[in-house]
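Read the structure below first, then the notes.
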Amino acid sequence: MKTLREVLQQASRDKIAIGHFNFSDLVAFNAIVAAARELKVPVMVGVSEGEREFTGVAQAAALVKGVREEYGLPIYLNADHTHSIAKAEQAAKAGFDEIIFDRSDIKFEEDIAETKRAVEAIKSINPEILVEGEIGWIGASSSVLEKVPEGVGVLTTPDEARQFVAATKVDVLAPAVGNMHGLLQSMVRGEVQKRLNIERIAEIKAACGTFMTLHGGSGTNDDDFKRAIKAGMTIVHVNTELRLAWRRGIEAGFAAMPNEFSPYKILPVAVESVKKVVKSRLELFGSK
Ligand SMILES: [Zn+2]
């Protein structure tokens, strides 16, 4: 099985991106696995601090390991948005493939110092783990929002990216380039799409030279995705769209089977609903 670093190197050469999807239950997890297996593509799954509090850290790692061994699927586990070194170390010890250390809430200089400490702590547990750092504020909630969160919309500069990567030695950088976590009501209704600053993505890539991740991919214009990937994005995160599909799928399952009490008979409706979203995104991100 290729390492995540090798998969990202290949994707970067091919100018495609690896899809990253969050899960907190078997409905989403099975949907992501089914979509990736059907398309025969590598995939990343992520659990944020909140999500892994629900799944369990060791249990999330065991699910991924099980699928790798049973199906030979190149599936990689990411500790999404980890805000403390203690939580990062816990994930590293559990065998995660990537850890996102996110202190984008504090001042730039402090963020650099904290992230550098995190990189050293994580690599001392396992030097193979990729560490991702985040600069710029793109909001924090993967849910449906009333309005754009305060402070979102300021773009990361190539200088900040160069300085941050050189000082922290992160393997992957998540910049703010017009992206945002969560979806606005108008985006759920399909009236508005997120638009990305492609030129800035290319400038940041040239400045820092590392792999880059696009967070907050839900509701983004498809053509912007394609251009962002060509400009240097190698991982794309989609979460809120999956959560919407999860909820709608669960509701549809209940509505279709009002007298059914077996979860394994009702929940496949939700799996299908989430899988459809994952598959369409994987096809887009993986096409040359
Ligand atoms: Zn994110």
Side-chain angles (χ1 to χ4, degrees), residues 4 8 17-24 28 32 43-55 60 76-84 87-88 91 96-106 111 114-115 118 129-145 148-156 161 164 168 170-184 187 194-197 200-201 204 210-220 224-225 228-229 232-246 277-278 281-282 285:
L4 178 57
L8 295 180
I18 306 301
H20 173 294
F21 307 96
N22 293 66
F23 71 95
S24 47
I32 298 162
V43 71
M44 292 178 72
V45 287
V47 277
S48 66
E49 283 189 358
E51 285 160 344
R52 60 196 194 255
E53 202 168 300
F54 184 74
T55 62
Y76 302 93
L77 180 59
N78 173 38
D80 204 8
H81 296 289
T82 304
H83 304 293
S84 71
K87 290 255 163 74
F96 282 51
D97 300 285
E98 197 205 297
I99 293 173
I100 300 184
F101 189 75
D102 175 9
R103 289 310 309 270
S104 57
D105 58 316
I106 56 179
D111 187 2
E114 270 284 289
T115 305
I129 299 180
L130 300 187
V131 184
E132 178 172 327
E134 186 156 342
I135 43 175
W137 177 244
I138 59 161
S141 177
S142 295
S143 57
V144 178
L145 311 168
V148 174
E150 186 86 27
V152 169
V154 181
L155 303 184
T156 300
F164 184 85
T168 61
V170 290
D171 306 286
V172 187
L173 180 72
V177 288
N179 49 332
M180 177 186 88
H181 284 124
L183 282 171
L184 298 176
M187 293 169 178
K194 293 178 195 167
R195 303 305 303 259
L196 304 169
N197 191 318
R200 182 58 63 89
I201 293 170
I204 294 172
T210 52
F211 298 122
M212 296 204 302
T213 299
L214 183 71
H215 281 250
S218 294
T220 303
D224 278 16
F225 266 140
I229 292 164
M233 287 293 178
T234 307
I235 302 171
V236 181
H237 281 219
V238 179
N239 188 0
T240 314
E241 278 178 15
L242 265 63
R243 291 180 169 184
L244 280 178
W246 176 90
V277 177
V278 175
R281 299 300 81 185
L282 281 176
F285 303 156

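One-based numbering, in listed order, for ligands and for the atoms of each. The shown structure was predicted, so the numbers you read here are calculated from the model rather than taken from an experiment.
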Checking side-chain polar atoms at under 3.5 Å, does E114 have a donor or acceptor matched by the opposite partner on H83?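 Not at all, the side chains of E114 and H83 share no donor-acceptor pair under 3.5 Å.
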Does a side chain donor of either T220 or D224 reach within less than 3.5 Å of an acceptor in the other side chain?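 There is no such pair between these side chains.
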I'd like the atom name of the N/O/S atom in H215 lying closest to the Zn ion (ligand 1).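 Of all N, O or S atoms in H215, the Zn ion (ligand 1) lies closest to ND1.
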Any non-hydrogen side-chain atom of F211 less than 4.5 Å from a side-chain atom of L173?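 Heavy-atom side-chain distance check fails, nothing below 4.5 Å.
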So, taking the atom named CZ in F96 and the one named CG in L4, what distance separates them when rounded to the nearest 0.5 Å?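 It comes to 13.0 Å.
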Could you confirm whether H237 has any N/O/S atom lying under 2.8 Å from the Zn ion (ligand 1)?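 Under 2.8 Å: H237 has no N, O or S contact with the Zn ion (ligand 1).
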Could you please compute the angle at the Zn ion (ligand 1) from NE2 of H81 to NE2 of H181, rounded to 10°?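 The two atoms form an angle at the metal of about 100°.
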